[in-house]
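Notes for the one structure printed next.
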Amino acid sequence: MSEERSLNFIEEIIDEHLKAGKYQQIVTRFPPEPNGYLHIGHASSICLNFGLTKKYPGYTNLRFDDTNPTTEETEYVESIKNDVKWLGFEWKHELYASDYFDTLYEYAVTLIKKNRAYVDDSSSEEMASMKGTPTEPGKDSVYRNRSIEENLQLFEQMKNGAFADGTKTLRAKIDMAHMNMLMRDPVLYRIKHAHHHRTGDKWCIYPMYDFAHGQSDSIENITHSICTLEFVPHRELYDWFINELEIYPSHQYEFARRNINYTVTSKRKLLQLVNEKHVEGWDDPRMPTVSGLRRRGYTPDSIRDFCERIGIAKRENMIDVSLLEFCIREHLNKIALRRMVVFDPLRVIITNYPNETILLKTENNPEDPNGGTREMKFSNEILIERDDFMENPPKKYFRLSPGNKVRLKSAYIIQCDEVLKDAAGNVTALHCSYITNSKSGEDTSGIKVQGTLHWVNAADAVEVEVREYDRLFKVEDPTDEAGDFKEYLNPDSLKIVKGFAEPAILTDTNADRFQFLRKGYYCFDKESKPGQLVFNRTVTLKDAWAKEQKKG
RNA sequence: UGGCCUAUAGUAUAAUGGUAGUACGACAGAUUUUGGUUCUGUUUGUCUUGGUUCGAAUCCAGGUAGGCCAACCA
């Protein structure tokens, strides 16, 4: 849309590289660990990595960073592939860090032969105590000066399963006094007699992230390896391996992860919410996961638009969820079918209307000239929203009240004549009269009304289930509050209500996104069945009246 | 009391030594058979102190604030 939009800092770097002829094309990768579902933060990274190679010559790989068999599962692999595709991106190659286990092993042997790695028998506790602190240097392990031959032999034995888990590691030999703690002889390989989702039981030693990620980038000739800011200190190690191994020099660039208020985007925390049943699953519509947003009714276009708008930078950030909501409203306003659904019905009897049912025409989407029309039945008994009537209305209340007139959308103007109540004083029904020459499209009454209400014909309203979702947390940043973040879950994040829908909804099974007039945007939930329709609220409409009321 | 990263309206992001702009939000108004949409307008900003310069958000130095780093996680 906006060709002249300014570049983000990564695009600027790439622009320069391309202009200077450093690269003819660029290669990026999206490197998820298959230990959880993708969330909106990942979506931002996906849009960045895949977006870059749409904009510039080159391609993007999908590479699963599967170096820890104890947390990784194929279920996650499948969900991740599905989510990336759904967001609208195509990867060039589907790859796995585990594809490179043989090569990585050879790289480790190379380092040992260069006297740049050694087998350490220290326990993790010992290693931690000798690591030093950010302000104090660490101490060399007593195993640091084993001979190359001994290291070679021990490492091979590690590979062959001669040792128990945790008894030995392979470490790089760098500098235990280095300012950067990651350079203090980092662990390269650990022993884990665990079944891997792809390599099965072939291996009982697995490379650590630092020894796998950069080399995987290098093997794939990744030109621009983009990750989040917490990996900045890893870059020195990343470059050290590439330099020592004399392999293709990929380069790492870091940007700030995107945070959104009123939610959490940490796989660990999201996993907790799932495991402890605070939500129904990874795709619960309240989850900030891609699958949750999808089930909630978000479109891929709206998510891509959101990622585009929030941009990429290096500073800490907390993005207002209202921008996400703006993006989905903007898209849905253009494409969603309009339907009328009454949630909390109040019966209206039109006393001067004949005892007959007529058909009225109404548009499917006023924003879409090709949206077409549908028919609605109208009779002398209809349902309106209970809060569209007030017996003693405040100022600026444009809806129905005794003696007041409103228009029924696409139908007639009615006036409230009488309020019916039960013994307890609750309003049970309204007697209204209609203005005979005020029919929509052929109104000759000349009457102007301030309010237009949605309604359904009482005789053929369809009862449906509606799930009203709200923000998951009641505070902007649950992780910044005292105590456990789960204490700040919003107890009202889901309200299940009944709705009375116009019958058109029964034949709308091919459509999947709706605007319930004056209410919000809704979509079919996956649990919806013929005869038992279930809708999820994606987002409410903006509500100027609610705002007005808040002012008091 | 180490190293590294960062600092522009409420939020996010531009301005690449030369008029501080855009979007969302908020507020006000117009239009409207959705209190929706659309349109118009208003509001609010360069962390601080110095320096370089004709000119600094931008370059330099000091300070301040926030973040990251001591898993056999990624």
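All values reported here derive from a predicted model rather than from experimental measurement. The sequence lines fix the lettering, A, B, ..., with proteins before strands; numbering per chain opens at 1.
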* Heavy atoms under 4.0 Å, any strand shown: does I413(A) hit a base, just sugar-phosphate, or nothing? -> nothing
* Asked: Whole-Å distance between G2(B) P and K131(A) NZ?
  -> 20 Å
* Do any side-chain nitrogens or oxygens of R258(A) fall under 4.0 Å of OP1 or OP2 in U13(B)? -> yes
* In whole angstrom, what separates M208(A)'s CE from A70(B)'s C1'? -> 14 Å
* Considering only the C1' atoms, how many Å lie between G55(B) and A12(B), rounded to the nearest integer? -> 30 Å
* Structure fact -> Judged by whether its glycosidic angle lies within 90° of 0, A20(B) is anti
* To do: Give one of base, sugar-phosphate or nothing for Q515(A), where a contact means two heavy atoms less than 4.0 Å apart.
  => base
* To do: Pick base, sugar-phosphate or nothing for F326(A), based on heavy-atom distances below 4.0 Å to the nucleic acid.
  => sugar-phosphate
* C1' atom, C72(B) versus A9(B): distance in rounded Å? -> 48 Å
* To do: Using the C1' atom as the reference point in each nucleotide, state the distance between A61(B) and U53(B) in Å, no decimals.
  => 16 Å
* **Paired nucleotide for G2(B) [Watson-Crick or G-U wobble; both distances under 3.5 Å]** => C69(B)
* Asked: Using a cut-off of 4.0 Å on non-hydrogen atoms, how would the nucleic acid contact of S410(A) be classed: base, sugar-phosphate, or nothing?
  -> base
* What is the nucleic acid contact for L517(A), judged by heavy atoms within less than 4.0 Å: base, sugar-phosphate only, or nothing? -> base
* Asked: So what does P31(A) touch, heavy atoms closer than 4.0 Å: a base, only the sugar-phosphate, or nothing?
  -> nothing
* To do: Classify the side chain of R518(A) versus the base of U34(B) as yes if they form a donor-acceptor pair under 3.5 Å and no if they do not.
  => no
* OP1 or OP2 of G35(B) under 4.0 Å from side-chain N/O of K547(A) -> no
* Would you check if there is a donor-acceptor pair between the side chains of H197(A) and E73(A) at a distance under 3.5 Å? => no
* To do: Could you pick out which residue, E16(A) or E33(A), lies toward the 5' side of RNA chain B when each is mapped onto its nearest nucleotide?
  => E16(A)
* Measure distances between side-chain N and O atoms of R399(A) and base N and O atoms of G35(B), and say whether any donor-acceptor pair falls under 3.5 Å. => yes
* **Integer angstrom distance from the C1' of G45(B) to that of G10(B)** => 11 Å
* Asked: Could you give the CG-to-P distance, from L229(A) to U6(B), as a whole number of Å?
  -> 8 Å
* For G50(B), the Watson-Crick or wobble partner whose two distances fall under 3.5 Å -> C60(B)
* Sticking with atom C1', work out how far G3(B) lies from A56(B), rounded to a whole angstrom. => 29 Å
* Side-chain H-bond candidate by donor/acceptor type, E468(A) with Y522(A), under 3.5 Å -> yes
* Confirm from the modelled atom types if R338(A) and U34(B) form a donor-acceptor pair under 3.5 Å, side chain to base only. => yes
* Asked: Is any side-chain nitrogen or oxygen of R190(A) closer than 4.0 Å to OP1 or OP2 of A71(B)?
  -> no
* Report which part of the nucleic acid K519(A) touches: base, sugar-phosphate, or nothing (heavy-atom distance under 4.0 Å, all strands). => nothing
* Asked: For Y209(A) and A74(B), is the gap between ring centres under 5.5 Å while the planes differ by less than 30°?
  -> no
* **Within 45° cone of Y262(A) ring axis and under 6.0 Å: K474(A) NZ or CZ** => no
* So what does S129(A) touch, heavy atoms closer than 4.0 Å: a base, only the sugar-phosphate, or nothing? -> nothing
* To do: Scan G441(A) against the nucleic acid and name what it touches under 4.0 Å (heavy atoms): base, sugar-phosphate only, or nothing.
  => base
* Asked: Taking OP1 and OP2 of C72(B), is either one under 4.0 Å from a side-chain nitrogen or oxygen of R171(A)?
  -> no
* **Sugar-phosphate only, base, or nothing, as touched by E367(A) at under 4.0 Å among non-hydrogen atoms** => base
* Asked: Between G66(B) atom P and N317(A) atom CG, what is the distance in whole Å?
  -> 17 Å
* Respond yes when some side-chain nitrogen or oxygen of K192(A) is under 4.0 Å from OP1 or OP2 of C73(B), and no when none is. => yes
* Structure fact -> The residue among Y253(A), Y209(A), F255(A) that forms ring pair (Phe, Tyr, Trp, His ring centres under 6.0 Å) with F231(A) is Y209(A)
* Heavy atoms only: give me the nearest A194(A)-Y206(A) pair and the separation to one decimal. => O-OH, 2.9 Å
* **Distance-only donor-acceptor check, side chains E75(A) and Y37(A), under 3.5 Å** => yes
* **Between U44(B) and G36(B) - C1' atom distance, rounded Å** => 28 Å
* With no hydrogens and no angle check, do the side chains of R257(A) and N317(A) hold a donor and an acceptor under 3.5 Å apart? -> no
* To do: Pick base, sugar-phosphate or nothing for H234(A), based on heavy-atom distances below 4.0 Å to the nucleic acid.
  => base
* Using a cut-off of 4.0 Å on non-hydrogen atoms, how would the nucleic acid contact of Y397(A) be classed: base, sugar-phosphate, or nothing? -> base
* Structure fact -> Atom CD of E325(A) and atom C1' of A12(B) are separated, to the nearest Å, by 15 Å
* Asked: When you check the gap from the basic side-chain N to the acidic O, do R198(A) and D99(A) get nearer than 4.0 Å?
  -> yes
* Structure fact -> N259(A) atom CG is separated from G66(B) atom P, nearest whole Å, by 17 Å
* Structure fact -> Rounded to whole Å, CG of N261(A) lies from C1' of G25(B) at a distance of 11 Å
* Nearest-nucleotide 5' precedence on RNA chain B, T167(A) against L408(A) -> L408(A)
* To do: Determine the contact category for F231(A): base if any of its heavy atoms lies under 4.0 Å from a base atom, sugar-phosphate if only primed atoms, P, OP1 or OP2 are that close, otherwise nothing.
  => base
* Would you mind reading off the distance between L324(A) atom CG and A12(B) atom C1', rounded to a whole angstrom? => 13 Å
* Check every strand shown and say whether M340(A) touches a base, only sugar-phosphate, or nothing at a heavy-atom separation below 4.0 Å. => nothing
* To do: Decide if atom NZ of K131(A) counts as having more than 12 heavy atoms of other residues, nucleotides or ligands within a radius under 6.0 Å.
  => yes
* For A74(B), take OP1 and OP2 only and decide whether either is under 4.0 Å from a side-chain N or O of T67(A). => yes
